[in-house]
Undergrad: 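The structure follows.
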Amino acid sequence: MKYDFPNIEPKWQKRWEEAHVFEASSDHTKPKFYGLVEFPYPSGAGMHVGHIKAYSGLEVISRKRRMEGYNVLFPIGFDAYGLPTENYAIKTGIHPRQVTDKNIERFTSQLKRVGFSFDWTRVVDTTEEKYYKWTQYIFLKMFENGLVFRDTALVNYCPSCKVVLSNEDSQGGKCDICHSDIVQKSKDVWYLRITEYADKLLQGLEGVDYLPQVKQQQVNWIGKSTGAFVNFAVTGTDEKLRIYTTRPDTLYGVTFMVIAPEHPMLDKLSDRIANMDEIVAYREVCAKKTEFERTQLVKEKTGVRIEGICGINPVNGKEIPIYTADYVMMGYGTGAIMAVPAHDERDYEFAKKFGIDIIEVIKGGDIEKEAYTGDGEMVNSDFLNGIATKKEAIEKMLAYLGEQGIGEAGVQYKMKDWAFNRQRYWGEPIPIVHYPKCGMVPVPYEELPLRLPEIKEFAPGEGGESPLAKIDSYVNCSCPKCGGAAKRETDTMPQWAGSSWYFLRYIDPKNDQCLADMDEMKYWLPVDWYNGGMEHVTRHMIYSRFWHKFLYDIGEVPTSEPYAKRTAQGLILGPDGDKMSKSKGNVVDPNEVVDAYGADVLRVYILFMGDYASAAPWSESSVKGCKRFLDRVAELSSMVKEENNAKLESAFHKMLKKVSSDIEEMKFNTAIAAMMGLLNEIYDHGSLTRDQLLTFIKALCPFAPHLCEEMWEQLGGEGFCSLTAWPQYDEAKTIDETVELAVQVNGKVRGKVELPLNADRDTALAIAKAAPSVAAAIEGKTLVKEIVVPNKIINIVVR
RNA sequence: GCGGGUAUGGCGGAAUUGGCAGACGCGCUAGAUUCAGGUUCUAGUGGGGGCAACUUCGUGGAGGUUCAAGUCCUCUUACCCGCACCA
């Protein structure tokens with residue numbers, strides 16, 4: 001029998017909604033479970049099967065938690081600010097608000113069609129005034145606490161989108177949105193001082209249960225290194241050239257110094273530099289290179305000797321040449337390095353090219369051939385000579401630097417401050433007013449939200465300024481401090497702003513007094529389980545942890561970490577095994593699958609495809625296999641007979657044990673396989689009892705809830721299947737009284753024997769040897785060893 | 001270059017963590033049902049050999065440890081994902 005999914009599915013979706021089945025309760029006496037999935041960007045393309053996979057994992061877990069008696073918060077919302085909507089507005093002239101509303105409506109109906117058990121009463125939309133008021137509020141709190149600053153800097157700029165991008169949004173030198181090459185442009189940039197939280201972000205990882213790759217990626221992204229700052233005198237000046245090094249132990253091996261082409265010292269000492277023309281020319285060449293070229297394509301070292309000045313090595317007073325070269329970045333450390341060619345590959349390459357001395361200070365390599373970066377005995381290093389380990393040499397040197405006042409231990413991070421403004425319309429307005437006398441003045445809290453004005457032209461200006469800059473009524477305002485005629489900031493926040501705290505708002509989405517009620521937050525936080533894509537690990541995850549830690553420090557939230565546990569789903573690839581993309585034409589539309597097979601089939605298939613965390617290609621015929629499975633489940637109703645069968649009963653308990661534990665480990669594919677296996681056993685047996693069928697339906701309910709509700713109702717079950725108690729298994733019944741053991745002779749299986757559970761060694765061996773095939777294999781041979789692993793295997797070694 | 005991961009039938013993938021490799025699904029083969037296509041049902045399905053019971057080989061490759069290796073160790077190859085001149 002095929003079940004009538006086109007009627008069953010809408011019927012139960014409606015009933016769930018009417019009965020408020022999936023709404024989180026305010027009863028704080030019950031144990032809670034807060035399951036969070038990354039809320040979607042409501043794009044014009046509609047839902048993708050990838051969305052379904054991303055939500056299906058916690059969907060099953062949340063449904064199981066409800067059946068286990070938890071008060072479950074499983075919310076959804078929309079991360080609706082962003083460039084695609086804005087670009088669409090620029091192209092068509094349709095206001096982003098209208099586009100966003102339409103897209104949200106479409107996403108909502110598509111999500112509901114799949115039967116996700118979201119709490120639809122708590123939907124948040126980051127572009128709503130009532131929401132972004134609080135995004136602005138958090139920004140102002142950061143401003144108040146010195147975490148916001150403005151600087152003119154070389155920034156990543158996308159000439160095609162005409163927008164400034166953060167490092168996170170321009171990985172690999174390509175624009176994250178349009179994939180054009182990024183150029184460096186000097187701009188006024190708003191920064192959030194995320195580096196202030198680098199250490200806290202790192203330390204916080206110790207107490208959370210994230211997938212190891214997730215932790216690792218965050219650790220690498222933060223990129224903490226320990227070393228030392230050392231000050232080098234510059235000949236003929238009072239200048240100190242400050243460098244950062246992780247290898248202060250090699251200070252006696254320094255033979256030159258290198259500063260970044262953008263280093264301010266070049267301009268400062270320009271009148272002392274003999275070849276300033278050459279240096280300016282070099283700097284211009286470097287500035288033209290994109291970040292991409294500079295870091296990836298050009299492996300050949302380039303640089304220019306700075307004539308007229310030298311550095312003085314503070315440990316031995318030696319004069320050494322200074323170069324400027326673009327292999328040293330202004331954005332890391334101090335933008336200047338001491339170069340030790342004997343023990344650093346880059347410095348070695350540079351020294352070889354420019355004919356600079358190479359002095360060995362650590363034994364163990366052959367510096368004629370290459371730089372030696374390993375450990376070894378110190379030489380040519382005065383008081384360090386003879387020391388055998390890097391650790392000890394560094395300690396000694398650090399102590400010396402301190403005594404002499406020429407340097408000190410220091411820490412550096414790869415992570416940079418977060419460039420936070422965008423010259424765009426469709427984002428949260430930055431609530432700051434500029435007035436020459438008062439500087440940057442925050443918009444008073446009472447005036448929030450600072451609303452986006454209504455405009456008709458959404459394109460940014462040619463110079464890359466925000467479209468808001470053209471709206472005089474918006475720009476001109478009075479200074480909140482002194483009342484003078486001031487100008488409003490016209491940049492908006494990046495897309496990552498609203499998503500940095502949305503999980504707090506779900507807890508109390510309608511609160512107009514604060515982000516969310518403290519008592520509610522104390523009950524619901526932290527998020528118990530957060531699932532999302534690996535692509536957000538170094539952006540959204542780091543940003544939101546930063547905001548949360550800041551909010552914790554100012555007493556606005558009760559926990560120092562937002563997420564207790566983080567997992568990630570793998571991609572769904574196209575049927576051809578490639579990443580799904582419109583241009584390849586291999587995109588699977590979830591709606592068509594629901595039309596053809598039903599939502600339950602879609603849900604079961606997506607979780608059955610393979611390991612949840614791995615990528616797997618779509619297979620239409622495997623979808624049919626899942627349809628067959630559910631059709632066969634529906635057929636069980638006609639197989640109910642009240643005659644018990646101990647073997648089948650035991651199979652049920654084994655299935656429940658497997659399904660219960662597999663769901664917890666996100667091994668949904670094997671959980672479904674276990675149910676399929678049991679189904680086959682039921683068919684072989686020809687019948688099952690009503691209780692057994694009810695048990696089967698309960699276990700399947702988180703995966704295929706519509707079919708299960710329907711069968712539950714037909715069998716006379718009380719209330720909703722989705723709210724009945726999760727079926728418990730009896731451990732004793734999962735254990736068979738006898739076990740079949742393979743008997744090996746010299747490691748090869750020669751027979752199988754049926755043994756009572758936990759049979760003792762002698763009994764087991766006696767029965768094993770009695771088996772004809774085993775007896776034949778050991779006949780006439782000398783017994784060497786007998787291995788009996790209870791209930792697992794018997795191996796008889798003969799010669 | 002650094003960090004992380006993966007490799008198992010024709011395909012997606014299992015394997016109680018060192019104990020019968022290939023669960024479950026797809027596909028395929030044969031048969032039944034059907035006017036036919038589809039559906040459904042039954043049986044079979046890693047390779048080689050054999051009518052068969054059976055036998056032999058088999059988890060990217062080469063070694064090793066072990067009574068026993070997909071699983072542990074050493075070396076190696078290919079691919080995927082991060083980061084990337086980070087001093």
Side-chain angles (χ1 to χ4, degrees), chain A residues 1-2 171-173 211-221 223-225 227 243-247 250 257-258 260 294-296 298-301 325-329 331-340 344-347 349-350 412-416 534-535 537-538 570-571 573 577 604-605 608-611 613-626 628-629 631-632 635 657-658 661 667 669-680 683 740-752 773 784-789 791-798:
Chain A
M1 184 201 85
K2 289 178 197 167
Q171 294 180 23
L211 235 47
Q213 313 91 283
V214 172
K215 275 194 193 181
Q216 196 57 50
Q217 261 188 48
Q218 293 204 355
V219 168
N220 291 346
W221 187 258
K224 182 176 182 172
S225 87
I243 62 98
Y244 175 73
T245 180
T246 54
R247 297 296 303 273
T250 62
M257 300 180 79
V258 185
R294 195 166 152 179
T295 58
Q296 311 222 351
V298 187
K299 285 291 171 194
E300 175 86 352
K301 297 271 182 294
D326 66 356
Y327 83 92
V328 172
M329 307 290 146
Y332 183 80
T334 61
I337 61 160
M338 62 177 218
V340 185
D344 181 282
E345 284 163 26
R346 295 150 300 172
D347 298 346
E349 194 191 327
F350 194 86
Q412 279 293 302
Y413 300 93
K414 287 186 199 173
M415 188 169 70
K416 295 178 192 170
M534 282 306 289
E535 69 275 18
V537 165
T538 50
L571 286 180
L573 305 173
V604 169
Y605 171 64
F608 182 64
M609 288 175 86
D611 179 22
S614 313
W618 186 268
S619 157
E620 175 88 16
S621 48
S622 287
V623 176
K624 286 182 189 159
C626 292
R628 218 167 279 159
F629 167 58
D631 283 339
R632 276 157 59 90
E635 188 63 31
K657 183 178 181 178
K658 176 92 180 134
S661 64
K667 291 162 80 174
N669 54 336
T670 51
I672 294 166
M675 290 188 272
M676 289 174 166
L678 176 59
L679 185 73
N680 290 342
Y683 269 73
E740 194 193 54
L741 246 64
V743 183
Q744 298 181 331
V745 176
N746 290 345
K748 289 199 170 131
V749 179
R750 294 295 163 179
K752 288 178 186 180
S773 53
V784 178
K785 201 170 182 183
E786 292 166 325
I787 291 118
V788 180
V789 183
N791 307 323
K792 286 203 170 152
I793 205 152
I794 296 168
N795 191 5
I796 299 167
V797 184
V798 293

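Every heavy atom of this structure was used, including side-chain atoms; hydrogens, water molecules and symmetry mates were not. On a predicted model such as this, the values are computed, not experimentally measured, just so you know. The sequence lines fix the lettering, A, B, ..., with proteins before strands; numbering per chain opens at 1.
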Undergrad: Taking the C1' atom in each of U33(B) and G19(B), what is the distance between them to the nearest angstrom?
TA: 45 Å
Undergrad: Less than 4.5 Å apart, side chain to side chain, heavy atoms only: is that true for Lys667(A) and Asn669(A)?
TA: yes
Undergrad: Which whole number of Å gives the distance between the P atom of A43(B) and that of C26(B)?
TA: 15 Å
Undergrad: Using the C1' atom as the point on both nucleotides, what is the distance between A7(B) and U16(B), in whole Å?
TA: 23 Å
Undergrad: Specify the separation, in whole Å, of atom CE of Met676(A) and atom C1' of G25(B).
TA: 6 Å
Undergrad: Tell me: CD of Glu535(A) to P of C80(B), nearest whole Å?
TA: 19 Å
Undergrad: Can you tell me the base-pairing partner of G58(B)? Count Watson-Crick or G-U wobble geometry only, both distances below 3.5 Å, and say none if there is no partner.
TA: none
Undergrad: Can you give me the closest heavy-atom contact between Asn220(A) and Lys414(A), atom names plus distance?
TA: O-CD, 4.2 Å
Undergrad: Any donor and acceptor pair, going by atom type alone, linking the side chain of Tyr605(A) with main-chain N or O of Trp618(A) inside 3.5 Å?
TA: no
Undergrad: Could you measure between the two C1' atoms, the one in G10(B) and the one in G46(B), and give it in whole Å?
TA: 10 Å
Undergrad: Rounding to the closest angstrom, what is the interatomic distance between U65(B) and U74(B) at atom P?
TA: 15 Å
Undergrad: Look through every strand shown and name the nucleotide pairing with U29(B) as Watson-Crick or G-U wobble, where both distances are under 3.5 Å.
TA: A43(B)
Undergrad: Would you tabulate the nitrogen or oxygen pairs shorter than 3.5 Å linking the protein to nucleotides 66-71 of chain B?
TA:
residue : atom : partner   : partner atom : Å
C67(B)  : OP1  : Lys785(A) : NZ           : 3.3
C67(B)  : O2'  : Asn795(A) : ND2          : 3.1
C67(B)  : O2   : Asn795(A) : ND2          : 2.7

Undergrad: Between Thr246(A) and Ser225(A), what is the shortest heavy-atom contact and its length?
TA: CG2-OG, 3.8 Å
Undergrad: Using a 4.0 Å heavy-atom cut-off across all strands, classify Lys752(A) as base, sugar-phosphate, or nothing.
TA: base
Undergrad: Return the pairing partner of A52(B) with a 3.5 Å limit on both distances, Watson-Crick or G-U wobble; otherwise return none.
TA: none
Undergrad: In whole angstrom, what separates Leu678(A)'s CG from C24(B)'s P?
TA: 12 Å
Undergrad: Which label fits G9(B), syn or anti, where anti is any glycosidic angle not within 90° of 0?
TA: syn
Undergrad: Would you tell me if any nitrogen or oxygen in the side chain of Tyr332(A) comes within less than 4.0 Å of OP1 or OP2 on A87(B)?
TA: yes
Undergrad: Please confirm whether any donor atom in the side chain of Lys301(A) sits under 3.5 Å from an acceptor in the base of C85(B), or the reverse.
TA: yes
Undergrad: What is the base-pairing partner of G3(B), counting Watson-Crick and G-U wobble geometry with both distances under 3.5 Å?
TA: C81(B)
Undergrad: Sub-3.5 Å donor-acceptor pair from the side chain of Ser614(A) to the main-chain atoms of Gly570(A), do we have one?
TA: no
Undergrad: Can you tell me how far the CG atom of Leu573(A) sits from the CE atom of Met609(A), to the nearest 0.5 Å?
TA: 7.5 Å
Undergrad: Within the 4.5 Å heavy-atom criterion, are Arg247(A) and Asp344(A) side-chain neighbours or not?
TA: no
Undergrad: Count the heavy atoms of every other residue, nucleotide or ligand shown that sit under 6.0 Å from CD of Glu345(A), and state whether that count exceeds 12.
TA: no
Undergrad: Evaluate the side-chain proximity of Arg632(A) to Asn680(A): yes if any heavy-atom separation is below 4.5 Å, no if none is.
TA: yes
Undergrad: Please determine, for G9(B), whether a Watson-Crick or G-U wobble partner exists with both distances under 3.5 Å, and give it or none.
TA: none
Undergrad: Quote, to the nearest angstrom, the C1' distance that separates U39(B) from U34(B).
TA: 9 Å
Undergrad: What is the distance, rounded to the nearest whole Å, between atom NZ of Lys414(A) and atom P of C2(B)?
TA: 13 Å
Undergrad: Taking the same atom, P, in A14(B) and in U6(B), what whole-Å distance lies between them?
TA: 12 Å
Undergrad: Checking the side chain of Tyr327(A) only, and the main-chain atoms of Val258(A) only, is there a donor and an acceptor separated by less than 3.5 Å?
TA: no
Undergrad: Side chain of Ser621(A), heavy atoms from C-beta onward: which of C26(B), C85(B), A87(B) has the nearest atom to it?
TA: C26(B)
Undergrad: Can you measure from NZ (Lys752(A)) to OG (Ser773(A)) and round to the nearest 0.5 angstrom?
TA: 10.5 Å
Undergrad: Would you tabulate the pairs of protein nitrogen or oxygen atoms and nucleotide nitrogen or oxygen atoms of nucleotides 50-57 of chain B closer than 3.5 angstrom?
TA:
residue : atom : partner   : partner atom : Å
U55(B)  : OP1  : Arg750(A) : NH1          : 3.1

Undergrad: What does G19(B) pair with, Watson-Crick or G-U, if both distances are under 3.5 Å?
TA: C67(B)
Undergrad: For a quick test of reading the model: is some side-chain N or O of Arg632(A) closer than 4.0 Å to OP1 or OP2 of U40(B)?
TA: no
Undergrad: Ignoring the backbone of Gln216(A), work out which of C24(B), G27(B), G4(B) is nearest its side chain.
TA: G4(B)
Undergrad: Give me syn or anti for U17(B), where syn covers glycosidic angles within 90 degrees of 0.
TA: syn
Undergrad: Give me the distances for all protein-to-nucleotides 10-14 of chain B N/O pairs that come in under 3.5 Å?
TA:
residue : atom : partner   : partner atom : Å
G12(B)  : O2'  : Met609(A) : O            : 2.6
G13(B)  : OP1  : Ala615(A) : O            : 3.2
A14(B)  : OP1  : Asn669(A) : ND2          : 3.2

Undergrad: With a 4.5 Å cut-off on side-chain heavy atoms, are Thr250(A) and Met338(A) touching?
TA: yes
Undergrad: Minimum heavy-atom separation for Pro617(A) to Gly577(A), with atom names?
TA: CB-CA, 4.1 Å
Undergrad: With heavy atoms under 4.0 Å as the rule, sort Glu740(A) into base, sugar-phosphate or nothing.
TA: base
Undergrad: Looking at U34(B), which nucleotide sits across from it as a Watson-Crick or G-U wobble partner, both distances under 3.5 angstrom, or is there none?
TA: none
Undergrad: Side-chain contact test, heavy atoms from C-beta onward, threshold under 4.5 Å: evaluate it for Ile337(A) versus Thr245(A) and give yes or no.
TA: no
Undergrad: Find the distance Met415(A):CE to A84(B):C1' and express it as a whole number of Å.
TA: 17 Å
Undergrad: Using only side-chain N and O atoms of Arg628(A), determine if any of them is under 4.0 Å from OP1 or OP2 of G25(B).
TA: no
Undergrad: If you take all heavy atoms of Ala260(A) and Met329(A), which pair is closest and at what distance?
TA: CB-C, 3.9 Å
Undergrad: Rounded to whole angstroms, how far apart are CD1 on Ile672(A) and P on A23(B)?
TA: 18 Å
Undergrad: Quick check on RNA chain B: between Ala673(A) and Gln213(A), whose nearest nucleotide comes earlier from the 5' end?
TA: Gln213(A)
Undergrad: Return the value, rounded to whole Å, for the distance between atom NZ of Lys792(A) and atom P of U16(B).
TA: 9 Å
Undergrad: Atom CG of Leu211(A) to atom P of G4(B): distance rounded to whole Å?
TA: 15 Å
Undergrad: Taking G18(B) as the reference, what is the distance to A69(B) when you measure between their P atoms (whole Å, please)?
TA: 14 Å
